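These notes concern the structure reproduced below.
Residue numbering restarts at 1 for every chain, and letters A, B, ... go by the order of the sequence lines. Computed from a predicted model, the values in this text were never measured in an experiment.
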Amino acid sequence: MAFAGRRDVPEPPDFGILKRLARDQLIYLLEQLPGKKDLFIEADLMSPLDRIANVSILKQHEVDKLYKVESRPAISASDQFCFLVRPRIKTMRYIADIVNADKMSGRSRKYKIIFSPQKFYACEMVLEEEGVFGDVTCDEWSFYLLPLDEDIISMELPEFFRDYFLEGDHRWINSIARALQLLNSLYGPFGKAYGIGRCAKMSYELWRDLEEESEADGQGRKPEIGNVFFMDRGRLERGGQQARAGQGGAVWAGSLPGGAGRACAGCREQQEVQGGWLQQSRLGRAVAGKEGGQGRSVRAAWAVALVADTDYVTALCSQVVYEGLVDDTFRIKCGSVDFGPDVTSSDKSIKVLLNAQDKVFSQIRNEHFSSVFGFLSQKSRNLQAQYDRRRGMDIKQMKNFVSQELKGLKQEHRLLSLHIGACESIMKKKTKQDFQEMIKAEHSLLEGFDIRESTSFIEEHIDRQVSPIESLRLMCLLSITENGLIPKDYRSLKTQYLQSYGPEHLLTFHNLKRVGLLTEQSAGETLTAVESKVSKLVTDRAAGKITDAFNSLARKSNFRAISKKLGLVCPRRAAGVPLCPCAHWCQKTSGQSVPVPAFPGSASPGTCTAWGQSCCRCFRQWRSFSPRQEVTAGFPVCPDSGPHWLGGGLGAPAVQGLGLTSLPANALAQLQQQRWLCAAA
Amino acid sequence: MSRARADEEEYWHSSKFRAFTFDDEDDELSQLKESKRAVNSLRDFVDNDDDDDDDLERVSWSGEPVGSISWSIKETASSSTSSLEGRDSSLRKGSSSYAAFPRQVSSYSLSSLFKGRNKLPSFQSLSDALSDTGFKNYNPELRRPKAEYKDYSNDWSPKDTVRRMQRGKVCSLERFRSLQDKLVLLDEAVAGHDGNVITAVLIFLKRTLRREILFRELEVRQVALCHLIHFLKETGEQKLLLDLLRFLDRTEEVALSQYREHLNIQDVEKRREFLKGCIGLPFSSEDTSHIQDHYTLLERQIIIEANDRHLETAGQSEIFRKYPRKASILNMPLVTTLFYSCFYHYTEAEGTFSSPTNLKKTFKIPDKQYVLTALAARAKLRAWDDVDALFTTKNWLGYTKKKAPIGFHRVVEILQRNNAPMQVLQEYVRLVEDVETRLNLATKYKCHDVVIETYRDLKDRIQLTAYKCKVERGSAEEDKINSILNNMQIRWKN
C-alpha cells in the first residue's frame, strides 16, 4: 500500500545509492588490508551490515573467517585481523587485549580497526594507553544512513538516546551532521529546514558549518528532498532500529528502532533522523500529508526530518497495528525479523525482510491487528481460488499458468503462511498477557479516568513478575500522563518493582527519573492560586484537606491539557466507521492515540482535509508542547510562509511503536542485558 | 608553579632572544627567518592532509601580514578576547623579564605601525592575531622561550583547532598551556556542538590540569561537565569520578555510582561484603532501605543456598528429589526467592531463614504479593489444600470464609494455568464477585455448574436454555438445567 494510496505523493528519491556507497566504501577499506584476513564484527553492526553486503562479497575481498566481537576468537592462524566496530571504549580494550596477547606470545599480525560511522578521540586515547596505538591502523567507514525501506532511512545508532538524553553527551551530533551532509550532497539541497529542540538545533548548526566549506557543489541541482525537519527525540520506536524515512517526507533518524509502525494512514512513512532513533512514522506521514497537498508546487516533495525528542506517550502505548505487534513479539531489527520455528511451522527459523516489497506485509502493516485476520483469510481464499483455476485448464493454459503465475502464487503462499503463523504466535502471547486489560488500562491513563484502577493493574503486573519492561513502560506512561506519580504510589510501585525484578533496578529508576520518564510529584508544587486563597479562609486542618482536594484537581497533567486542546486522544470509535487519518492513528495505539500533531509543514490550511485541519489545530498549539522553548525561541515560526527553522514542538506522537523499550531502554539499560529501550550497555 | 617559573626564567636567561626593539631590525629579520623555517618544518607533521593547504595559506607566510590579520580578526574576534586578557595577565605576573618592556608602549606602537592611530581596539585585534602565524614576530608580547615560541608560531586558533578536530583531523593541543587558553579551547569545543571534540579537549585538560582546578572550571561549564562524567564512567575511572561528584556535592550520585560497582563483582561473598559497605552511603532514606534489603536478601540467599545444596546432594529430602532445583537462588529478586521458599520450604517454622513467613516479615512483603507468589508456588506443586488454606479465614464466631487480597479472577487464572482439577477451579470461579467476569471465566473454563447457577440467580431463562446445548447430552449438567428450567418457583425475568 505504500504509495498506492496516494498518487499525490511523489516517488521517493533513490535511497539505494546510500547502500551502494556504503558497500563500495567498505570494500575499499577491506582492500586497504590486502591478503587474507579475519573480520571481527561488532554485534550490533551485524544487522546493518547484512543489509549492505553479504558473506560472499566479504569473501571476494579476502575475508577469511568472521567473528563476533566480544566472543573470544577461536584460535586463528590468520596474519591479519580486521575489526569492524562501533567507537566504544569497551571494544577498544577488547582489541587491545588481543594485540597485547599476541605481542606477549611473540606473534606478529597486522591489525586494522574500521570504525562505523566514525572514530572518537577517546577510542584512540584508549589504544594509546594500552600501548597498541602504532600497532593498529584505524579507518572510518562512513556508513551513516541505512535505507530500511523505500521510505525510511535510519542511522541505526542505538546509543544515541542514552548518550544524549541521559548522559548529555553530544558525541553523535557530528555524525548526524555528516549524515545530513551526505543526504544533501546526494539528493540536492534541502528546500527548507524546520527544527525543534536543542539537539536538533545543534545538529543543524554543525551541519551548516560543515556545509559551508563545501558549498560549491550541489548548487543548481534539482532538490529531491523538500523539507527537513529536525526534532529532538521524536519518538522512538521499539525495536531498536531506527529511523525510517518516510515517504512523503522522508526522514531519517538517528536510529529508529524498530520497525514499528508506520503510522499513519494514507501517507507513507517517514522517517526521521536524529540521532537516535528515529522514529517513524507518524511524523513522516504528517510530512507526507503536507507535501502531498501542497507539494506539487513545491519543487521537491521529499522531506527529511531529524527527530529527537518530544513525545513519549505514543511510544509508551501498546502497539496494536500489525507491524507494531510483530516488532513487540519478534523484534524487528534493521527492517528484518527472525521468525522462529513456531511461526514457520518447521524446525528452522527464517529471516524475513519486512518492507514494501513484501506484498502481503505491505498491505497489513498498518492495519489494526483485529482486522488483519480478516484480511489474511480473505487473501488465502483468493489464493486458493487462483490455484483452483488450474482445474479445468487445457494444456496450453496450464503451461501459461505454470510459467507465469505459479511462481508468484507460491511466493505469496509462502508469505501468507508466514504472516498467518506470526499472527497466531502474537495472539498466543498476547492472550497470555491479558493484552485486553493492558489496553484498557492504557486507555484509562490517556483519558485520565480510573487512575486508581490502572495503578493497581500496574501493581499487579509487577507482583506477578510479568515482563519487567512492560511494567516499566506502564509506569512511565502513568508518570507522563499524570505528570509524575503521587509520592506514595511512586514509593510503593518502586519497592514492589525492586522486589519483583531485582534490587539493582534502583539504578534503572534513577536513570528514568533523570530523563524525566518516571518521576515523582513533588508535594505542594501543584498549589494553585485559588487554592491558597481559599485556604486562607479556613482553619488549618480544613486547609489541609482542601489542599489535598486541590492537589488532586490540579494534578491535571500537561499531557492531559495538551491532549484535550489538540484532540489527541480520539474517542473510542464504533466498529466499521471509516477513519479520518487522525482516527486512523488512533487505531494504532491502543485504540486511541496520540497523533501527531504538529507538523509545522503540514499545517498549511486547506491541504489535506481533515488531516490538514487537525494539523492546523496542532500547529497553533504547538509551542506549548515544547519543553525547551528557550531554545527554539529564536526561530521564526511561520507555518505558511515557510520558515527555515521552526522551533517548537512537535509533539507527539510520532512514535508508534516505540516502545518503551526503545527509548529508555537505552538509557536505562545499563544494568543488564535487558533490552531496554535500547538495549545498550 | 614556582619551580616552573624558575625554569622558565633560567631558560629565558640562557636564551639568545633579547628584548624587542624597533631599531634592532636585523635581529628581527633573522628571527623571522628562523620562524619561517620552523613553520615550514612543522607543517609536515602538524598537517598531513593536503586538502588543508587552503587554510594554511590564508594565514601563513605566503600572504601579506595585513591580510592575514584581517582574516584572523574576523575569525577570532569573537573568541579570543578572553584568552588575550588571560594571556596578558599571566604574562604580567608570569615572568619578571617581561617587566623590562614597556608593554603599553610597545603595543601601541605596534598598532600604529599597521593601523595608524588606532588605540585600544586595534591593539586588541592585533593581539588576537597572535595565535596566527605570519604576524607573530612583530609582536613583542610573544616573546617566549624558543621552544614554546615555535609551537605557537604555526598553530591554529582555538576555533580552528576545534573545527579541524570536528573534521577528524589530527591536531596537537599541547600548545594550549595557559589555563586561559585551555578554557578558551574548551569553550570553543562546546560551542562547536561536537561531543567527540569536547571529550578530546577534556582528556587533554584532565592530563594537564590539577583535578581541583579542572573541577572548579567545569562546575560552571555544565555541558563539558556532562561529557567528563560520561567519559569517566565509560573508561571506568571510578576514583576520579567519585572525587568529581563529591566536589560537585552530588552525594546521591556518589552513592549510586559506588553501588553500581556491585554489578561487576561476581563472587557472592565479596558482593555481600561490598553491599554491606554500601549501606552507609549517602542515599536518600528511601533508597537506603532498599540497599539494606538488598544486602539482607543476599545474605539470606547465601545461607539458604548452602543449606539446600547440602540437602539436595544428600538426597534425603523428598521435595528436592522430586523437583530438582533448576538454578541457584543466589542474586535472584526477592519475589523469586519467596517463590522458591514457598516451593521448597513452605511448612517451615517462622524461625528459620528460609521459611516464607520469615521472608514476608523481614522484607515487609505486602499481602497481595505474598498471596500471589505463594499461590503460584503451591499450585505448581498441586498442593490444593495449601491453596485452600491461603484464602480461608475464620471470623470470631468460627465461621470460615474465603477472602483474597487479589481478585478471585486472578486466582482462577493461576489455578487454571497449573491445571487445577475442575472441583478446585470451580470453587474459585464461584467466588469471583463480578457476575459478568464470573460468567466469562466459567464459560471459558467450562465450569458448567457455575454458569448454570449464575444464570439461575440472574433469572435469565433464555441464556440458560441456550447454554443447554453447550453441555453434554445426558450429562448431570443437562439434568440440572432441565430441573431448574422446570422449577415453577423461579420467577424468570424473561
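Residue with the most contacts toward chain A among B:P366, B:A200, B:G407: B:A200 (heavy-atom pairs, distance under 4.5 Å). With respect to chain A, the highest number of heavy-atom pairs below 4.5 Å among B:E413, B:M165, B:M332, B:R167 belongs to B:R167. Taking chain B as the reference chain and counting heavy-atom pairs below 4.5 Å, the highest number among A:R491, A:R171, A:H510, A:E140 is found for A:R171. Most heavy-atom pairs under 4.5 Å with chain B, from the set A:S500, A:G502, A:A177, A:G168: that is A:S500. Options B:N196, B:L334, B:T373, B:V223 differ in how many heavy-atom pairs under 4.5 Å they form with chain A, and the most are formed by B:N196. Ranking B:E252, B:H262, B:R410, B:E253 against chain A, the residue ahead of the rest is B:R410, based on heavy-atom pairs under 4.5 Å. If you tally non-hydrogen atom pairs under 4.5 Å between each of A:E460, A:M92, A:R88 and chain B, the highest count goes to A:E460. Looking only at heavy-atom pairs under 4.5 Å with chain B, the residue among A:E124, A:K494, A:K119 that has the most is A:K494.
Residue B:T199 touches chain A through its side chain alone, counting heavy-atom pairs closer than 4.5 Å. With a threshold of 4.5 angstrom between heavy atoms, B:I291 approaches chain A through side-chain atoms but not through N, CA, C or O. For chain A, the nearby parts of B:L256 are the backbone and the side chain; heavy atoms of each come within less than 4.5 Å. Using a 4.5 Å cut-off between heavy atoms, A:S492 makes no contact with chain B at all. For B:Q369, the parts sitting under 4.5 Å from any heavy atom of chain A are the backbone and the side chain alike. For B:Q222, no part sits under 4.5 Å from any heavy atom of chain A, backbone or side chain. For A:Q465, the part sitting under 4.5 Å from any heavy atom of chain B is the side chain, from C-beta outward, and nothing else. Within the 4.5 angstrom heavy-atom criterion, only side-chain atoms of A:R93, from C-beta onward, approach chain B. Using a 4.5 Å cut-off between heavy atoms, A:Q118 contacts chain B through its side chain alone, with no backbone atom that close.
For A:F120 and A:W172, the ring centers sit closer than 6.0 Å to each other. You'll find the ring centres of A:F509 and A:Y497 inside the 6.0 Å limit. Residues B:H227 and B:F231 keep their aromatic ring centres 6.0 Å or farther apart. Separation of the B:Y259 and B:H294 ring centroids falls under the 6.0 Å cut-off.
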- Task: Please report the C-alpha distance between B:K206 and B:E237 in whole Å, then the side-chain angles of each, then the deciding distance to 0.1 Å, and finally whether the salt bridge (charged side-chain N to carboxylate O under 4.0 Å, His left out) criterion is met.
- Result: CA-CA 12 Å; B:K206 171 173 156 281; B:E237 293 180 63; 3.1 Å; yes
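Counting heavy atoms of neighbouring residues, nucleotides and ligands inside a 6.0 Å radius, atom NZ of A:K513 exceeds 12 of them. No more than 12 heavy atoms of other residues, nucleotides or ligands sit less than 6.0 Å from atom NZ of B:K276.
Using the six-membered ring where Trp is involved, A:F457 and A:H461 have ring planes that are tilted, between 30° and 60° apart.
A donor-acceptor contact shorter than 3.5 Å is absent between the side chain of B:R272 and the backbone of B:L298. Between the side chain of B:E188 and the main chain of B:V162, no donor-acceptor pair closer than 3.5 Å is present.
A side-chain donor-acceptor contact under 3.5 Å links B:N358 and B:T362.
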